[in-house]
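Okay, structure first, notes after.
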Amino acid sequence: MKVLKFGGTSVGSPERMKKLLDIIDPSERQIVVLSAVSGTTNNLVEIGQAYLAGDKAKAAVLIKALKDKYEIFIKKLYAKSEYLEQGREVIDYHFGLLTNLSKDLFTNIEEKVVLAQGELISTTLYHVYLKEIGLPSVLLPALDFMKIDEDNEPIVDYITEHITPLLDAHPDINLFITQGYICRNSFGEIDNLRRGGSDYTASLIGAAIRSEEVQIWTDIDGMHNNDPRIVKGTTPIAQLSFDEAAELAYFGAKILHPQSVFPAQKYKIPVRLLNTMDPKAAGTLITNESEKDKIKSIAAKDGIIAIKVQSSRMLLAYGFLRRLFEVFERYKTSIDMITTSEVAVSLTIDDTTHLAEIEKELGAFGTVDIDRDLTIICVVGDFGAEKHGYAARVLDALKHIPIRMISYGGSENNLSVLINTSDKTEALRSLHNRLF
Ligand code: ADP
Ligand code: ASP
Ligand code: MG
């Protein structure tokens, strides 16, 4: 059974929603994961923020504006008044819920309820559309099987256990529709898999049902060899290994949610990145295989903070790094890059939630310096057994740009450099011209 995920632009208009059936083959049993209609989650973020700020009037204005968009959407989606009426009920229900949130205390828990409405609306509207055209399908409520634990980690066995009976209950149905992004947390509350999380949903379901393939349908023909939003002339990569794809996703290639590769990798499920606007394009296939000895792609991750701890006590001392890393562990803050010298260590984080506490605790080890507004540029590929020449080519392409840190050798397929965000565009372009 395949899992097909369609992103926000792929369901971004009634016309696009209808065209999904050019891609979905109703004669095959499959699970279709949908994102919210493009723009909706951003609007819901604004609504949540207005409520959190206590600005109910602003929330009401934003809710009305979004509802108006859906009024137009359903008029174009349905041909028959009976189904238009059903679509209207869907909208009335979800926007009624958003409006009613003004009546009670609004906390982060309610905010997540707000954020969940986009996928709930898109899947329900699509399900009604399939009914209108007479195509049998079942709407699987993601909130009944998608779950994260107290560390926000999804639980694949739980998903398997809870989705299997839902599928088995409908042996005659081929088409199952479900929501990307949304889940329940360890308290049973509505939660989500972070922005862009529908990719993660698809991969988790793929893992849970041991799917033959996960397809991520989006608005571009696969993973490109550089960020197409910044660099002209980027080209799609035919084949990537799970490790390469994971590095690119983690280090900023927006086409894939950072964690979405891992479940597929663990259960060896091929992932294809495909283009809804050009379904015949080959896209990118992600498996255990990869083209050897080749630089594949470049990605960039902004919002990076570098922390340098300088201490003469580090000289010849063992256990120093462990104690240093324990500080980050205590504050559940993950580290991306690390470089060390005999008297100093520099590392980067992107989550600043506990930066003040971390800085204070690190003060016990030595002098702490913090640099902000940095970007990690990550060059990904298979650097081969010999590993000669790659680092030189990358650094040569960046010789006119100040480099704060370099990380190489951590894995076979990643070379990262830390630069000022203001140099990012030039760095990406220069690397592109020199490496491809
Ligand atoms: P969806 O809504 O379908 O999930 P996203 O906007 O999340 O789509 O991801 C697709 C976008 O990712 C593309 O339109 C492209 O601008 C951006 N992107 C960034 N880096 C890359 C890359 N290396 N290859 C392909 N797309 C990329
Ligand atoms: N709708 C969610 C978002 O915009 C999830 C997704 O599109 O993958 O982040
Ligand atoms: Mg996305």
Side-chain angles (χ1 to χ4, degrees), residues 1-7 11 17 20-21 23-36 86 89-90 93-94 97 112-113 115-149 152-193 197-217 257 260 262-264 266-267 269 271:
M1 202 173 175
K2 285 185 184 153
V3 178
L4 279 70
K5 175 258 172 175
F6 293 96
V11 295
M17 262 198 186
L20 294 189
L21 284 173
I23 294 166
I24 297 169
D25 174 1
S27 69
E28 268 186 47
R29 203 164 149 89
Q30 66 206 289
I31 300 178
V32 171
V33 176
L34 300 185
S35 292
Q86 286 187 30
E89 279 169 23
V90 173
Y93 172 78
H94 290 281
L97 186 149
K112 287 171 180 167
V113 174
L115 295 177
Q117 301 310 308
E119 273 70 11
L120 291 167
I121 293 174
S122 65
T123 48
T124 317
L125 291 181
Y126 190 58
H127 183 57
V128 173
Y129 172 70
L130 293 174
K131 276 201 271 181
E132 183 182 73
I133 62 167
L135 194 61
S137 70
V138 166
L139 186 58
L140 299 176
L143 297 177
D144 288 355
F145 59 83
M146 192 55 68
K147 191 163 174 86
I148 52 176
D149 65 15
N152 294 325
E153 287 294 329
I155 316 165
V156 174
D157 288 344
Y158 181 97
I159 302 167
T160 308
E161 200 184 310
H162 288 79
I163 200 172
T164 310
L166 299 176
L167 299 170
D168 290 348
H170 302 282
D172 304 330
I173 294 287
N174 275 351
L175 198 48
F176 294 88
I177 314 295
T178 193
Q179 299 85 23
Y181 179 58
I182 64 174
C183 63
R184 286 197 191 273
N185 60 28
S186 55
F187 301 106
E189 298 154 355
I190 294 181
D191 211 315
N192 61 65
L193 301 171
S198 297
D199 304 331
Y200 202 12
T201 301
S203 171
L204 286 163
I205 294 177
I209 65 161
R210 313 293 191 264
S211 174
E212 60 190 278
E213 181 171 296
V214 172
Q215 298 181 351
I216 308 279
W217 288 88
H257 178 279
S260 60
F262 301 119
K266 182 161 179 209
Y267 295 91
I269 294 156
V271 177

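No hydrogens, no waters, no symmetry mates; every other heavy atom, side chains included, goes into these values. In this text the structure is predicted, and so the values were computed from the model without any measurement.
- Side-chain contact between Leu166 and His170 is absent, with no heavy-atom pair separated by less than 4.5 Å.
- Checking side-chain atoms of Ser203 against main-chain N and O of Asp199 turns up no donor-acceptor pair under 3.5 Å.
- Residues Ala116 and Ile190 share a closest heavy-atom pair of CB-CG2, 3.7 Å.
- Val214 places none of its side-chain heavy atoms less than 4.5 Å from the side chain of Ile205.
- In this structure, Ala202 and Ile216 approach most closely via the heavy-atom pair CB-CD1, 4.2 Å.
- For Asn185, the side-chain contact (heavy atoms from CB on, under 4.5 Å) partners at least two apart in sequence or on another chain are Ile148, Phe187, Glu189, Asp191.
- Using a 4.5 Å heavy-atom threshold, the side chains of Leu125 and Val11 count as separate.
- The two residues Val271 and Ala264 come nearest to each other via the heavy atoms CG2-CB, 3.5 Å.
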key: Worked check of side chain to side chain contact (heavy atoms under 4.5 Å, CB included) between Leu34 and Leu20   = CA-CA 11 Å; Leu34 300 185; Leu20 294 189; 4.1 Å; yes
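- Side-chain contact between Leu167 and Ile31 is present, with heavy atoms from C-beta onward closer than 4.5 Å.
- Looking at Arg184, its side chain does come within 3.5 Å of a backbone N or O of Leu143 through a donor-acceptor pair.
- When every heavy atom of Thr160 is checked against every heavy atom of Ala208, the shortest pair comes out as OG1-O, 3.0 Å.
- Side-chain contact between His162 and Lys147 is absent, with no heavy-atom pair separated by less than 4.5 Å.
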Quiz: residues 175-183 side-chain donor-acceptor pairs under 3.5 angstrom, not counting sequence neighbours:
| unit_1 | atom_1 | unit_2 | atom_2 | d |
| --- | --- | --- | --- | --- |
| Thr178 | OG1 | Leu140 | O | 2.7 |
| Gln179 | OE1 | Ala142 | N | 2.8 |
| Gln179 | NE2 | Thr123 | OG1 | 3.0 |

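- When side chains are defined from C-beta on, His94 counts as touching Val90, because their heavy atoms get closer than 4.5 Å.
- Side-chain N or O atoms of Thr164 include none that pairs as donor or acceptor with a backbone N or O of Glu161 at under 3.5 Å.
- Scored by the side-chain contact (heavy atoms from CB on, under 4.5 Å) test, Glu213 finds Lys2, Gln215, Arg272 as partners (sequence neighbours excluded).
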task = Apply side chain to side chain contact (heavy atoms under 4.5 Å, CB included) to Ser35 and Lys5, showing your working.
result = CA-CA 8 Å; Ser35 292; Lys5 175 258 172 175; 3.6 Å; yes
request  = Could you walk me through whether Asn174 and Gln30 pass side chain to side chain contact (heavy atoms under 4.5 Å, CB included), step by step?
outcome  = CA-CA 6 Å; Asn174 275 351; Gln30 66 206 289; 5.6 Å; no
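- Nearest heavy-atom pair across Lys112 and Asn192 is CG-ND2, 4.1 Å.
- Side-chain contact between Tyr200 and Pro263 is present, with heavy atoms from C-beta onward closer than 4.5 Å.
- Here the side chain of Glu132 pairs no donor or acceptor atom with the backbone of Val128 at under 3.5 angstrom.
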